[in-house]
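Heads up: the structure comes next, in structure tokens.
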Amino acid sequence: MPVFKRRKPRSYSQIASDIVYPRGGWWRAGTYVMHRMRRLPDQPHRIGRGFACGVYVSFTPLFGLHFLLGALMAWVLRGNIIASALGTFLGNPLTFPFIAVASISLGRYLLGVPGDLSPQLIFIEFSRATAQLWDNMMSLFGPGVAQWDQLSVFFDNLFLPYLVGGLIVGAPISIALHYLTVPVFRAYQRRRKKTMERRIARVGADAADAQNMAGGPAPHPRSGDSPRDISGPKMPGGDQ
């Protein structure tokens, strides 16, 4: 039986609830992410690069693929893959409304798509597109007929502007976070190294004190003694 397995497994409703709002709150979840990142056994610039990759893909509307895309981007740029997964936590139910509004607004402006969308309307449009996509998938196994009108409107008015605007908005933010986090990781690793050196020195000093209290090291043979002189009494029949 695995040692770290939950005694009482979480239900699907608890897992979904933790995704929307963690039990300890988003502040505790963010603190946990930073704690895990600081303890990653890698070079600071690789950790910062991986974290920036995860942050960058969080600005895209490719929900469900952020972990995979962040890992792929970190692998291409030689960043830390675990840090990229942790970086995707920047995109969460608290930040997605702001990311979506900023990205779609910029994308619509650049693509010349008229109209503005509120966070509530964006959520509704995503829900409708997801429902129609699911119905089309189910039509492959039943009598239903696939319809693409809602998906076509959704792609032109939401998805494409979100993608274009998100790639532009996410670029400076991810780069800024990279340059802000690398010195933090470097300072943390330097401080942790000094702490470990002090602990090792303290353990060595304690071991030396314990040896001195036990009577000191064993006496070394004198320079005038030969190996035969310190090897004990001669045995009969041995070499003369």
Side-chain angles (χ1 to χ4, degrees), residues 16-17 19-22 26 29-30 33 48-77 79 81 83-142 144-181:
S17 177
I19 293 175
V20 176
Y21 187 81
W26 283 108
V33 169
R49 195 178 302 163
F51 180 72
C53 292
V55 171
Y56 186 61
V57 300
S58 298
F59 282 82
T60 66
L62 303 173
F63 302 108
L65 299 176
H66 286 170
F67 284 163
L68 180 61
L69 294 175
L72 180 60
M73 188 175 178
W75 178 74
V76 172
L77 298 179
I81 295 178
S84 70
L86 296 175
T88 58
F89 280 93
L90 182 70
N92 56 71
L94 294 180
T95 59
F96 277 141
F98 301 98
I99 294 175
V101 170
S103 301
I104 294 176
S105 299
L106 179 60
R108 280 173 165 251
Y109 174 77
L110 295 176
L111 298 177
V113 179
D116 296 326
L117 291 177
S118 64
Q120 295 81 3
L121 189 56
I122 292 174
F123 178 78
I124 293 174
E125 293 298 328
F126 266 95
S127 300
R128 289 177 179 175
T130 303
Q132 188 171 73
L133 181 62
W134 176 259
D135 292 339
N136 291 345
M137 293 178 60
M138 292 296 100
S139 66
L140 299 175
F141 308 97
V145 179
Q147 298 180 358
W148 302 96
D149 54 339
Q150 184 65 37
L151 289 174
S152 178
V153 174
F154 169 78
F155 181 83
D156 294 335
N157 293 337
L158 272 178
F159 185 84
L160 187 58
Y162 195 153
L163 181 62
V164 174
L167 293 177
I168 297 175
V169 173
I173 295 178
S174 58
I175 293 174
L177 287 176
H178 170 264
Y179 284 104
L180 288 175
T181 53

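Judged by distance alone, with hydrogens and angles left aside, the side-chain atoms of S103 form no donor-acceptor pair with the main-chain N or O of A100 at under 3.5 Å. Checking side-chain atoms of T181 against main-chain N and O of H178 turns up a donor-acceptor pair under 3.5 Å. A side-chain donor-acceptor contact under 3.5 Å links R49 to the backbone of L77.
Note: L158 CG to I124 CD1 = 11.5 Å, rounded to the nearest 0.5 Å. Here the straight-line distance linking atom CZ of R128 with atom CG of L133 works out to 16.0 Å at 0.5 Å rounding. Remark: T88 OG1 to L65 CG distance equals 12.0 Å, nearest 0.5 Å. Here CD1 of I81 is found 12.5 Å from CG of L86. Values are rounded to the nearest 0.5 Å.
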Note to self: Could you go through I173 and F59, starting from their C-alpha distance and side-chain angles, then the distance that decides it, and tell me whether this counts as side chain to side chain contact (heavy atoms under 4.5 Å, CB included)?
What the structure shows: CA-CA 10 Å; I173 295 178; F59 282 82; 3.6 Å; yes

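Ring-plane geometry between F96 and H66 is classed as tilted, the angle between the planes lying from 30 to 60 degrees on a 0 to 90 degree scale. Using cut-offs of 30° and 60° for the angle between ring planes, the F159 and F154 rings count as tilted. Ring geometry for F126 versus F63: interplanar angle over 60°, hence perpendicular rather than tilted (30 to 60°).
When all heavy atoms are compared, the tightest approach of L90 to T95 is O-OG1, 2.6 Å. Considering all non-hydrogen atoms of both residues, A171 and Y56 come closest at N-CE1, 3.4 Å. Of all heavy-atom pairs spanning G54 and V57, the tightest one is O-CG2, 3.2 Å. Considering all non-hydrogen atoms of both residues, F89 and A85 come closest at CD1-O, 3.5 Å. When all heavy atoms are compared, the tightest approach of S84 to A74 is CB-CB, 3.8 Å. Taking each heavy atom of P161 and I104 in turn, the nearest pair found is CB-O, 4.0 Å.
Residues I122 and V101 are in side-chain contact: their nearest non-hydrogen atoms beyond the backbone lie under 4.5 Å apart. At a threshold of 4.5 Å between non-hydrogen side-chain atoms, the residues N157 and R108 count as touching. Side-chain contact check for L106 versus I168: some heavy-atom pair is nearer than 4.5 Å.
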